[in-house]
Amino acid sequence: MRSLLYVLFALLASAAAQKLEKINVDKVYHYQPEQVHLAFGEHTNEVVVTWSTRDDAIESIVEYGLKGFTRRVNGTSEKFVDGGDKKKSQYIHRVKLTQLLPNRTYAYHCGGQLGWSPRFEFRTVPAGDDWSPTVALYGDMGNENAQSLARLQQDTQQGMYDAIIHVGDFAYDMNTDDARVGDEFMRQVETIAAYVPYMVVPGNHEEKYNFSNYRARFSMPGGTENLFYSFNLGPVHFIGISTEMYYFLNYGLKTLVFQYEWLVNDLQEANRPENRARRPWIIVYGHRPMYCSNGNGDDCTHTETLTRVGWPFFHMFGLEELFYKQAVDVEIWAHEHSYERSWPLYDYQIYNGSQADPYRNPRAPIHLITGSAGCKEGREPFDKNRPDWSAFHSQDYGYTRMKAYNRTHLYFEQVSDDKNGAIIDSFWLVKDKHGSYV
């Protein structure tokens, strides 16, 4: 009898212990801010601070200042539920800092009474248009095999960039493993994105659950859930677009039409004489390229690329003719896990400025593909026969730097991670006069 009671007691104790363990697990809370990143607000003297907590931290506060945390701003938080089987949730916090003084270094931290982030800092951009912004550009960087991340961290810590532009495809993929891969990727890029505005557009790898992870995690200007927007930086007007609307029509046509109409209006505004005089450079970036020389059968290897000519047969909402007529200077793409630079190009025809100096006063936009920052899918092959329009291409892992020296000179260089940071390609784009190519 005693033996039976002992066994019964042991079973009850084990069950109680398991129940207690489960209760304790359920009571592990995550209030500590993580995945901190910055973006420009509606104007470049505004900065939006975004971060995540696993549980509702009650407050969304940024304390900041030039000397210590002398100012405090309250923001908002929104619960995000991933579309995966486990319906993992987290809270995305946003705080907008306004009326920042130009060309100053601000220290900040974010959080509230349940926990604060480490101390970060950022430098605001100079006032006006007469200064020389430097930007890093790349796409297709994942959580695994993020070849360019360490060098970008070093560059950022040295104060090299005024902004970073990630041209689609993050983490591979943000929704993977019930969004845990997205969480870890955002922790990785915090090391650069918490110090400099991290501007983004969506790629095909963000598509799951109607781009829900992408829409929730970032805070681009424009009020379009990060899909398309524009901003000014020195003498440059940047335009970010979603190319994915052309490919995922299962989510509807309305957003594509809205983006196209917005894009037409934005380009027309940028081309008003007073605006083009102040900011003569117009640069568009989106994920999927119109042209590429890769040997993989992607859409850009075909002559009727959807983003270039628009919908099949109808040719509605095509972008190449629009960009040509509105005198866009440079078009930045990714998607292909490689680097490629075109000659000045329109409708498969080369329009060099001259034979001796092709990028001085060219008569068509230049296309750049910079999708080799590193991901688990590796590199993309090139076709054996390089087309005439392709000036240079490389399979090296790496990223692009751009500096707008002034209203007439724009400089690009490609950094190779394979070659320990060596510059494997560079060119100057020089325009004595901006405006129509026609």
Side-chain angles (χ1 to χ4, degrees), residues 25 28-39 49-57 77-94 109-111 115-118 120 136 138-157 164-209 211-220 226 287 334 337 371-378 397 399 417:
V25 168
V28 174
Y29 294 101
H30 298 270
Y31 298 125
Q32 193 63 28
E34 61 173 43
Q35 308 176 38
V36 181
H37 54 286
L38 306 178
V49 185
T50 307
W51 70 95
S52 172
T53 58
R54 185 63 55 190
D55 294 294
D56 186 359
S77 68
E78 184 174 352
K79 186 178 183 179
F80 167 64
V81 180
D82 174 63
D85 292 339
K86 294 184 179 179
K87 304 300 178 191
K88 290 282 189 177
S89 65
Q90 61 185 284
Y91 289 80
I92 310 294
H93 304 257
R94 292 179 175 86
H109 67 173
C110 56
W116 291 97
S117 74
F120 301 107
Y138 56 85
D140 301 80
M141 187 165 74
N143 159 245
E144 179 185 344
N145 193 35
Q147 292 278 329
S148 295
L149 182 60
R151 188 161 282 107
L152 287 162
Q153 290 166 337
Q154 291 177 317
D155 289 355
T156 302
Q157 289 163 14
I164 291 175
I165 296 176
H166 188 145
V167 194
D169 279 5
F170 309 79
Y172 283 74
D173 294 338
M174 282 189 164
N175 64 280
T176 299
D177 195 13
D178 294 290
R180 280 191 282 264
V181 171
D183 290 336
E184 184 55 34
F185 176 81
M186 296 304 294
R187 294 184 196 106
Q188 287 173 282
V189 297
E190 179 185 86
T191 55
I192 53 179
Y195 299 92
V196 64
Y198 199 81
M199 310 304 287
V200 298
V201 289
N204 55 296
H205 278 270
E206 284 68 72
E207 176 269 336
K208 197 72 171 177
Y209 315 123
F211 300 85
S212 64
N213 269 270
Y214 172 82
R215 292 172 187 257
R217 291 176 184 270
F218 294 106
S219 304
M220 296 300 104
N226 312 312
H287 184 62
H337 302 164
S372 56
C375 68
K376 67 182 182 181
E377 293 183 354
Y397 287 118
Y399 56 97
D417 294 313

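Being a predicted model, the structure only gives us computed values, none of them experimental.
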[atom1] of [X] to [atom2] of [Y]: how many Å apart, nearest 0.5 Å?
| X | Y | atom1 | atom2 | answer |
| --- | --- | --- | --- | --- |
| M220 | M199 | CE | CE | 4.5 Å |
| Q153 | Q188 | CD | CD | 8.5 Å |
| W51 | R94 | CH2 | CZ | 10.5 Å |
| S89 | D55 | OG | CG | 7.5 Å |
| I92 | K79 | CD1 | NZ | 12.5 Å |
| L149 | T191 | CG | OG1 | 5.0 Å |

Modelled atom types, side-chain donor and acceptor of D82 and N175, under 3.5 Å
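No, no side-chain donor-acceptor contact under 3.5 Å.
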
Original post:
Any luck finding a side-chain donor-acceptor pair between D140 and Y172 under 3.5 Å?
Top reply: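 D140 vs Y172: donor-acceptor pair found between side chains.
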
Do you know which of D178, D177, V81 makes side-chain contact (heavy atoms from CB on, under 4.5 Å) with K88?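 Single side-chain contact (heavy atoms from CB on, under 4.5 Å) partner of K88 among D178, D177, V81: D178.
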
For the student: nearest non-hydrogen atoms of [X] and [Y], plus distance:
| X | Y | answer |
| --- | --- | --- |
| F80 | A216 | CD1-CB, 3.5 Å |
| Y31 | A57 | CD2-CA, 3.9 Å |
| C375 | G142 | CB-N, 3.9 Å |
| V36 | C110 | CG2-SG, 3.8 Å |
| D183 | Q35 | OD1-NE2, 3.3 Å |
| P33 | S117 | CG-N, 3.8 Å |

Considering only heavy atoms from C-beta outward, does the side chain of [X] approach that of [Y] to under 4.5 Å?
| X | Y | value |
| --- | --- | --- |
| E34 | Q90 | no |
| I164 | Y399 | no |
| V201 | V167 | yes |
| H166 | V189 | no |

Under 3.5 Å donor-acceptor, [X] side chain and [Y] backbone:
| X | Y | result |
| --- | --- | --- |
| N204 | D169 | no |
| Q32 | T53 | no |
| H337 | G378 | yes |
| H37 | R217 | yes |
| Y214 | N226 | yes |

- Query: So among Y198, F218, Y138, which one has a ring-ring contact (aromatic ring centres under 6.0 Å, His included) with F170?
  - Reply: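 Among Y198, F218, Y138, the one meeting ring-ring contact (aromatic ring centres under 6.0 Å, His included) with F170 is F218.
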
- If the plane angle is over 60° it's perpendicular, under 30° parallel, otherwise tilted; pick one for H93 and Y91.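 Plane angle between 30° and 60°, so tilted.
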
Are E190 and R187 within salt-bridge range, i.e. N to O under 4.0 Å?
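Salt bridge: no.
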
Exercise for the section: Using the side chain to side chain contact (heavy atoms under 4.5 Å, CB included) rule, take M186 and M174 through it: C-alpha gap first, then chi angles, then the decisive distance, then the call. Expected result: CA-CA 9 Å; M186 296 304 294; M174 282 189 164; 3.9 Å; yes

Item to check | Verdict with supporting geometry, D173 and K208, side chain to side chain contact (heavy atoms under 4.5 Å, CB included) | outcome: CA-CA 9 Å; D173 294 338; K208 197 72 171 177; over 6 Å; no

Worksheet item: Should we count CD of E78 as having more than 12 external heavy atoms under 6.0 Å?
Response: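 No - once you tally the heavy atoms of other residues, nucleotides and ligands closer than 6.0 Å, there are 12 at most.
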
